[in-house]
Every structure is written in C-alpha cells, then in structure tokens.
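Read through the structure below, which is laid out as structure tokens, and then see the notes.
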Amino acid sequence: MKSILRGAILAVALTGAGLGSVIAQKAPDNTPRTSIALEHGSHQLGNRTDLMMESWRNYGLGQFIHWGLYAIPGGHWEGKYYGGAAEWIRSWKDMPNEAYDKLYKEFDPQNFDPKAWAKQAKSMGAKYMIITTKHHDGFCLWPSEYTEYDVTNSPYGKDIIGPLVEAYDAEGIDVYLYFSVMDWNHPGYRSKLETEEDREAYESFKEFTRNQLLELLGLYPTTKGLWFDGTWDAAWKEQAAFADKLETEMREKIPGLIIGSRFRPDDYGNRHFDSNGDLMGDYEQGWERKLPETFEDTKGNDWDCVMTVPENQWGYHSDWRGHVKTSFELIEMLVKSVSLNGNFVMNFGPDGQGSIRQEETQLAAEIGDWMNVNHEAIYGCGYLDWKKQDWGYYTKNRETGKIYMVVFNMPLNGALKVKIPSKVSLGKVSPLENPKTNLEVEEIHRDEYLIHFENQKSSNSPVVIVIEPSFSEKQEGAEYQKAKT
Ligand code: JFZ
C-alpha cells in the first residue's frame with residue numbers, strides 16, 4: 001500500500017506537476033473530491049455574509065485606474081510603437097530598462113485633479129474604485145518609507161494616493177488598493193528561487209512587501225480592500241505560509257478587509273482555488289477581460305470582472321489600435337456581470353499629465369446617463385435562476401425581490417416575447433423609466449407572453465422593464481392573461 005502510494009507520488013513528480021495541482025485540476029466543483037489536508041488552503045467555505053462583503057456584493061459597477069510611470073511613454077519609445085499593454089513597456093526589448101527606470105524624474109502630472117476624477121466616477125455610477133498603488137515596475141504612488149522609488153522623489157514630489165482616497169471617500173465611493181507583488185525594481189525580487197543567494201535576497205523582498213502593505217493600510221485606513229496582482233511567479237508560489245500569515249495581519253489591521261483570490265498560494269502552490277478546489281480569498285479574481293457565460297461557471301462564488309476599454313491596454317497608450325468598446329457593449333457586460341452575481345469594473349488609464357482621455361470621458365458620460373435612469377436594475381441586484389433569453393438579462397434585487405429585464409434587443413414594434421417559469425405569474429409589469437405605467441401583457445402560449453412596450457425611442461439604448469411577480473399557482477386553462485395589477 002505504502003509503496004503504491006509512493007509510486008503514485010513519484011509518477012506525479014515525474015510528470016513535473018505537484019500533487020495539489022493535479023488533484024485540483026481533476027476536481028470539478030460539485031463532484032466529490034479527495035480532501036487534502038492543507039495548512040494554508042481556503043479558510044472559509046461559501047461566500048462571506050458580513051456587512052462589508054454585502055456592500056461589496058451590491059456595488060455592481062466599479063472603476064479601475066491604472067496610473068504610473070508607463071503613462072509617460074504611453075506605448076511609444078523613441079518614435080517606435082509598442083503593441084503590448086502600455087504598462088508592460090519596460091519589458092519590451094526596444095526600451096532599455098535604464099531608460100524606463102529614469103522616467104520617475106519626469107513624473108510631474110500637472111493636470112492631476114483627484115476631485116474631478118472622483119466626480120466623474122460618481123456620475124458614471126461607480127460604487128468602488130481600485131487604484132494602482134504600485135504596478136510591476138515598482139514605482140510607488142504613495143510616499144513609502146521602504147524605497148526611494150516613489151512619488152516623493154519625482155518632480156511632483158507629493159502623495160497621489162492620499163488625495164485620491166480622500167476625494168473618492170468624499171463622493172461615497174469605496175477605495176480598494178491595487179498592489180503588484182511582482183516588483184521589477186526591488187533588488188531582492190526573484191521570479192524563481194534557484195540558489196541560496198536567491199533565497200536570501202527573496203527574504204529581504206518578502207519583508208519589504210510586508211512592510212509596504214502594512215504601511216499602506218496604516219496610511220489609508222478607510223481602504224476597503226486590496227486587489228492583488230503579480231503573484232504568478234514560482235518564487236511567490238512557494239510562500240504559502242508567509243502569505244497566509246501576512247493576509248491575517250492585514251485583516252487584523254482593517255477588520256472586514258476584502259481580499260480577492262489573487263494573493264496567496266496554498267501549500268502546493270495552487271492559486272485562486274486551493275488543492276481541494278475551494279476558493280482562497282473573499283471573491284474570485286480570475287475574470288480578467290472575460291466574463292462567465294453561465295451561473296455554473298461562477299461556481300456560486302462572489303467575483304469581479306475587470307475590463308479594458310480597448311483590447312488589452314490598462315495603462316495609458318496614446319495609440320489605441322484594434323477594437324475599442326462602445327458604451328452599449330460595456331453596459332451589456334455590466335448587466336451580464338450583475339445577472340451572474342458579479343461586479344463589473346471598467347478600467348481608466350490617465351495620461352502622464354493626469355488627464356483622463358477623451359474616449360474614457362465620453363464612455364463614462366454615456367454609461368452615467370444610462371445608470372442615472374436604470375441604476376435600480378444594477379445596485380443591490382444579482383442572479384435570478386430563470387432561463388436566459390436572447391432579448392437580454394434578468395437581474396433581481398436581493399432585498400425587495402423585484403425582477404428587472406434589461407432588454408438589449410427590443411423588437412422594433414415593442415412586442416417583446418418572454419418565457420417565464422411555470423408557477424410564476426407576471427404581476428405588475430412597468431418600464432423602469434416610468435414606473436406608474438402598466439405594460440400590457442398578452443399570454444401567447446403556456447409560460448410565454450408578449451409584453452407590449454410601446455414607448456421605444458431608439459434601438460441603441462438598453463431598456464429596463466420591472467416585474468413584480470407573484471409566485472402563486474397559475475389557474476389551469478388560463479390561456480390569455482392580462483397584467484394583474
Ligand atoms: C495583470 C497585469 O499584468 C496587467 O498589467 C494589469 O494590471 C492587469 C489588471 O493584471 O495582468 C493579468 C493578470 C492575470 C491574468 C491576465 C492578465 N489572468 O489571470 O488571466
């Protein structure tokens with residue numbers, strides 16, 4: 001028995017994969033799986049139910065801001081165009097590291113206006129904001145005691161994060177701090193630990209990381225959570241015990257703090273989901289520039305989707321090529337996220353002077369106009385287990401139980417065909433824009449209705465219909481049914 005087990009472990013080791021990762025990949029969420037004893041796996045099964053997490057769940061819409069030294073070259077170096085994500089330009093062979101590492105001497109964003117940013121986010125309808133305190137390049141937008149590579153040594157010379165936190169707090173928008181563990185500037189950083197020297201250097205880096213994180217939480221105590229990144233390297237994947245302890249320390253510093261699944265690895269180096277397939281952290285952080293298709297894809301976990309406006313640019317790139325999204329597309333992604341119990345976070349990449357680009361300003365205004373009328377279908381809303389149909393998405397308010405149909409494909413004559421589950425009667429049906437109006441509902445087949453929506457103004461703005469259903473048994477033989485009000 002023992003030798004069979006040893007043989008199995010050996011076979012796993014020979015394929016180059018750790019035991020944990022093999023089992024995690026083979027354990028689909030709801031099938032029985034072998035439970036592996038983990039010291040640093042998931043600490044909780046199921047979603048958090050405390051008030052802070054409930055607020056997070058009810059945000060619906062958020063704003064991401066990627067801002068740092070990369071905004072200065074903006075995707076170009078010496079006249080050459082960089083096709084990758086602008087915030088990665090330092091890793092481009094055509095840009096010498098030394099050139100990048102001197103950019104902080106030019107960081108002097110004279111147009112930076114935190115109050116204006118916060119006002120814009122507010123009028124777009126964002127309920128939370130995530131700001132890059134430090135991206136992979138290692139440059140800190142706050143005055144850090146633990147490095148010289150920060151704003152205080154730039155010509156700008158002052159804190160960026162503090163005024164931002166203050167401005168967003170004042171608008172009632174919760175602030176989350178993005179922090180890249182990977183740091184291209186710190187001398188102790190390693191992607192792999194191969195030698196004793198690597199291990200020693202990495203110890204200093206770990207201490208530095210811990211210091212910076214506790215520093216941030218101390219400086220900005222209204223922070224609601226941390227959004228981690230740059231945790232995929234082999235060296236970090238060995239740090240289960242360190243990361244677990246640090247996560248506990250951070251949670252002690254700000255009770256209720258929200259941390260996603262992109263921070264710590266488990267004992268076997270698995271990330272996001274531990275070797276038993278359980279989520280590590282408060283929400284799933286893997287929906288990056290993509291959305292789940294079905295509720296099953298989310299495994300019932302809390303999650304957020306972070307989305308770029310162009311294809312893959314987070315930091316400012318002066319030349320957006322390829323597909324650039326419309327507000328219609330972004331609103332559809334927002335509604336789809338909410339309909340699957342997630343939050344949608346739209347990214348902004350201000351330029352080197354601190355100006356928000358025209359495209360983002362236009363999109364924020366268009367989304368804001370829509371949210372102004374329709375936010376009731378977003379805030380506090382989530383998944384409803386009714387079959388999705390081609391017209392759009394259902395969302396449901398978690399408190400009131402009101403159901404919203406967000407219609408992206410409204411028929412030209414306004415006769416919207418809707419199928420609802422048996423045993424549900426459509427109660428009052430009205431346009432969100434005009435709640436006093438009752439829409440005419442015509443039953444055309446069993447469980448199938450036409451909602452007659454007459455006021456269709458244009459076909460390019462998603463329309464919301466509110467349903468207050470009753471869940472009583474339907475009368476047998478009722479073939480034709482008017483709205484019951
Ligand atoms: C990371 C960064 O490298 C990028 O610059 C940006 O900050 C983004 C928000 O995060 O990029 C990733 C990280 C994870 C995945 C893809 C891109 N992922 O899990 O698919």
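We count ligands from 1, going down the list as the structure has it; atoms in each ligand are counted the same way.
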_Would Trp88 count as a polar contact of ligand 1, with the cut-off being nitrogen or oxygen pairs under 3.5 Å?_
yes

*Which of the atoms of ligand 1 are close to Trp232, meaning less than 4.0 Å from one of its heavy atoms?*
3 (O), 13 (C)

Between [X] and [Y], does any side-chain donor sit less than 3.5 Å from a side-chain acceptor?
X	Y	value
Ser180	Asp229	no
Tyr146	Glu215	no
Asp319	Tyr81	no

_Proximity to ligand 1 by part of His136, non-hydrogen separation under 4.0 Å_ = side chain

*Is the number of heavy atoms from other residues, nucleotides or ligands under 6.0 Å of Lys396 NZ greater than 12?*
no

*Above 12 or not: heavy atoms from other molecules or residues under 6.0 Å from CD of Glu148?*
no

*Do me a favour and list the nearest non-hydrogen protein atom to atom 10 (O) of ligand 1 with residue, atom name and distance?*
Asp229 OD2, 2.8 Å

*asked:* Please list the nearest protein heavy atom to atom 18 (N) of ligand 1 with its residue and the distance rounded to 0.1 Å.
replied: Arg262 NH2, 4.2 Å

*Nearest 0.5 Å please: distance from the OH atom of Tyr379 over to the OG1 atom of Thr395.*
13.0 Å

*Options Arg289, His66, Glu87, Gln285, ranked by nearest heavy atom to atom 4 (C) of ligand 1, top entry*: Glu87

*Nearest to atom 20 (O) of ligand 1 by heavy atom, Glu288, Met182, His135: which?*
Glu288

